[in-house]
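Before any comments, here is the structure.
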Amino acid sequence: MNILLIGSGGREHALAWAIAKSKHTDTLFIAPGNAGMEECGKIVDLDVDDHAAVAEFCADENVQFVVIGPEQPLVDGMADVLRECGLKVFGPSQVAAQLEGSKHFTHQLCDEMNVPAAKYKQFDALEPALAYLADQGAPIVIKADGLAAGKGVTVAETLEQAEAALRDCFDGSFGDAGASVVIEECMVGEEASLFALSDGKDIVLLPSAQDHKRAFDGDKGPNTGGMGAYSPAPVMTAEMLERARKEIIEPSIKGMAARGTPFTGVLFIGLMITAKGPKLIEYNVRFGDPECQVLMMRLKSDIVELLTACADGTLGEETPEFDDAVALTVVMAANGYPGSYKKGTQIKGLDAIDGDNVKIFHAGTKRDGDKLLSNGGRVLNVTAKGRTVQEARDRAYAAIDQIDWPEGFCRTDIAWRAIERG
Ligand code: AMP
Ligand code: GLY
């Protein structure tokens with residue numbers, strides 16, 4: 001079948017790589033794509049914000065299945081528009097995408113279904129929020145309710161920081177996303193990322209992963225979209241996986257179905273493993289980036305079968321297989337990221353890197369003749385597999401040593417928690 005993949009990040013390059021390997025794929029179209037994804041399919045010049053134009057492209061090119069990578073088009077309702085045109089789609093409806101699009105929506109579902117999450121209160125105005133803050137004290141977490149490009153969350157160590165974050169939200173720094181604010185208890189523990197495919201009723205749990213959100217070594221510096229990941233995450237023991245499934249994921253999927261708004265696609269469960277067990281930090285309604293890169297590196301089954309089963313309601317028949325190996329990815333970002341950075345700097349040395357155990361997924365890259373240029377904040381995901389986390393890490397950093405890109409940087413300590421555990 002002909003497939004259209006929407007997105008342009010490292011996550012989508014990894015998905016495109018997996019989709020291109022499927023026996024079900026005839027032509028894979030990718031929009032907007034990046035330089036690395038040219039190896040996987042046809043990059044098409046399509047305005048992906050124009051959902052009607054996307055539907056028209058699918059009709060013209062006989063596309064039968066659309067995979068939506070990022071959250072914004074899902075929250076904007078792209079899946080609904082395409083389904084109304086008779087297309088098969090991987091990704092939730094606009095209403096179900098509120099699990100990522102609104103923190104308050106998710107808290108209400110958690111309350112309804114008794115899902116363990118942070119204690120919280122929602123506010124539409126500054127004064128009552130300030131009063132609640134004074135009452136609660138610090139540390140405390142302030143969240144803009146809506147999508148804020150990963151910048152809407154402040155884990156405040158002091159009341160002053162919390163107040164400043166609240167004022168930012170209500171001053172309009174995050175536009176409409178900050179008109180409603182959620183104040184949460186600060187949870188303590190180790191974080192992990194879990195992914196569950198769902199067709200609205202059944203779920204298939206994928207292996208765990210761990211992300212590295214801070215920009216610099218030692219988990220220092222500003223929050224980013226993620227500077228590296230590895231899978232599996234040792235903190236997710238069999239017992240924790242089972243508890244997360246029973247206490248968090250199953251009731252959430254059941255709750256969405258009971259409301260008449262079933263969730264289909266991939267649910268990304270951001271977890272805090274606290275002293276009392278797993279608690280939900282947040283839901284996202286798409287694969288993690290860069291977690292997806294390590295999952296695709298380990299996936300042995302045909303991804304198109306899994307993704308179409310979510311759309312067809314036949315997920316109960318699927319039991320995907322994953323490589324026992326550890327996969328690890330290191331993000332190379334443009335100097336200055338997540339603040340301001342230059343685009344258009346040349347990257348050399350990628351051609352010399354190959355092998356079954358190393359794969360470079362592109363994020364912000366573009367081609368200019370023979371040259372490969374940076375075209376974003378997160379630029380490359382150097383991804384490796386190994387029998388141990390140490391072996392995977394050594395392979396990834398050996399590949400990075402061959403890359404000639406003075407305008408880029410990466411963390412040198414990806415997977416430090418797993419390595420410290422021994
Ligand atoms: P994101 O929503 O991905 O921008 O990042 C939120 C990050 O903030 C999470 O990965 C956690 O590290 C942290 N966080 C969010 N909510 C809480 C909470 N209630 N308690 C402690 N940390 C939190
Ligand atoms: N790596 C975290 C995210 O994709 O939101």
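Just follow the structure's listing: the first ligand is 1, and inside any ligand the first atom is 1.
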Distance from atom 13 (C) of ligand 1 to nearest protein heavy atom, with residue and atom: V155 CG2, 3.7 Å
A student checking ligand 1 against K143 at a 4.0 Å heavy-atom cut-off should list atoms 15 (C), 16 (N)
Does the pair R411/D219 count as a salt bridge with the N-to-O cut at 4.0 Å? yes
Just to confirm my output: which protein heavy-atom neighbour is closest to atom 6 (C) of ligand 1, and how far is it? V153 CG1, 3.8 Å
Aromatic plane relationship, Y120 with H107 - under 30° parallel, 30 to 60° tilted, over 60° perpendicular: parallel
Can a donor-acceptor pair be found between the side chains of D217 and T412 at a distance below 3.5 Å? yes
With side-chain hydrogen bond (donor to acceptor under 3.5 Å, both in side chains) as the criterion, how do Q293 and T383 come out once you've worked through the C-alpha distance, each side chain's angles and the decisive distance to 0.1 Å? CA-CA 7 Å; Q293 290 81 315; T383 312; over 6 Å; no
Within 4.0 Å of some non-hydrogen atom of A118, the atoms of ligand 1 are 19 (N)
Suppose we measure from atom 18 (C) of ligand 1 to each protein heavy atom; which comes out shortest, and what is that distance? V141 CG2, 3.6 Å
Is the side chain of D323 donor-acceptor paired with the backbone N or O of A325 at a distance under 3.5 Å, no angle test? yes
Can you report which non-hydrogen protein atom sits closest to atom 2 (O) of ligand 1, along with the distance? E282 OE1, 2.8 Å
Option whose closest heavy atom lies nearest to atom 7 (C) of ligand 1, chosen from M187, K213, E100: K213
Specify the protein heavy atom at minimum distance from atom 4 (O) of ligand 1: its residue, its atom name, and the distance to 0.1 Å. G150 O, 3.5 Å
Is I281 in contact with ligand 1, taking contact as a heavy-atom separation below 4.0 Å? yes
Let me have the donor-acceptor pairs involving side chains of residues 225-232, under 3.5 Å, with sequence neighbours excluded, atom names and distances please.
| unit_1 | atom_1 | unit_2 | atom_2 | d |
| --- | --- | --- | --- | --- |
| Y230 | OH | Q210 | OE1 | 2.4 |
| S231 | OG | S208 | O | 2.7 |
| S231 | OG | R298 | NH1 | 2.8 |

Whether E242 and K246 form a salt bridge (side-chain N of Lys/Arg under 4.0 Å from carboxylate O of Asp/Glu) is what I want to check. yes
Quick check: does N223 get an N/O under 3.5 Å from an N/O on ligand 1? no
Using a strict 4.0 Å threshold on nitrogen-to-oxygen distance, state whether R367 and E38 make a salt bridge. yes
Just need the protein heavy atom nearest to atom 22 (N) of ligand 1, so name the residue and atom and give the distance. M272 CE, 3.8 Å
Any C186 heavy atom less than 4.0 Å to ligand 1: yes
What are the atoms of ligand 1, with element, lying closer than 4.0 Å to any heavy atom of E185? 18 (C), 19 (N), 20 (N)
Will you find, in the side chains of D80 and S93, an N or O donor that is under 3.5 Å from an N or O acceptor? no
Shell of residues surrounding ligand 2, defined by a 4.0 angstrom heavy-atom cut-off that is strict: D211, K213, G225, F268, R286, G288, D289, P290, E291
Under the salt bridge (charged side-chain N to carboxylate O under 4.0 Å, His left out) definition, can you give me all pairs with a residue in residues 271-285, not counting sequence neighbours? K103-E282
Where the side chain of H13 meets the backbone of H362, is there a donor-acceptor pair that is under 3.5 Å apart? yes
If you scan protein heavy atoms around atom 11 (C) of ligand 1, the nearest is E191 OE2, 3.1 Å
Name the orientation class of the two ring planes belonging to F268 and F195 (parallel below 30°, tilted from 30 to 60°, perpendicular beyond 60°). tilted
Do any pairs count as a salt bridge (charged side-chain N to carboxylate O under 4.0 Å, His left out) and have a residue in residues 132-145, sequence neighbours left out, and if so which ones? K143-E184
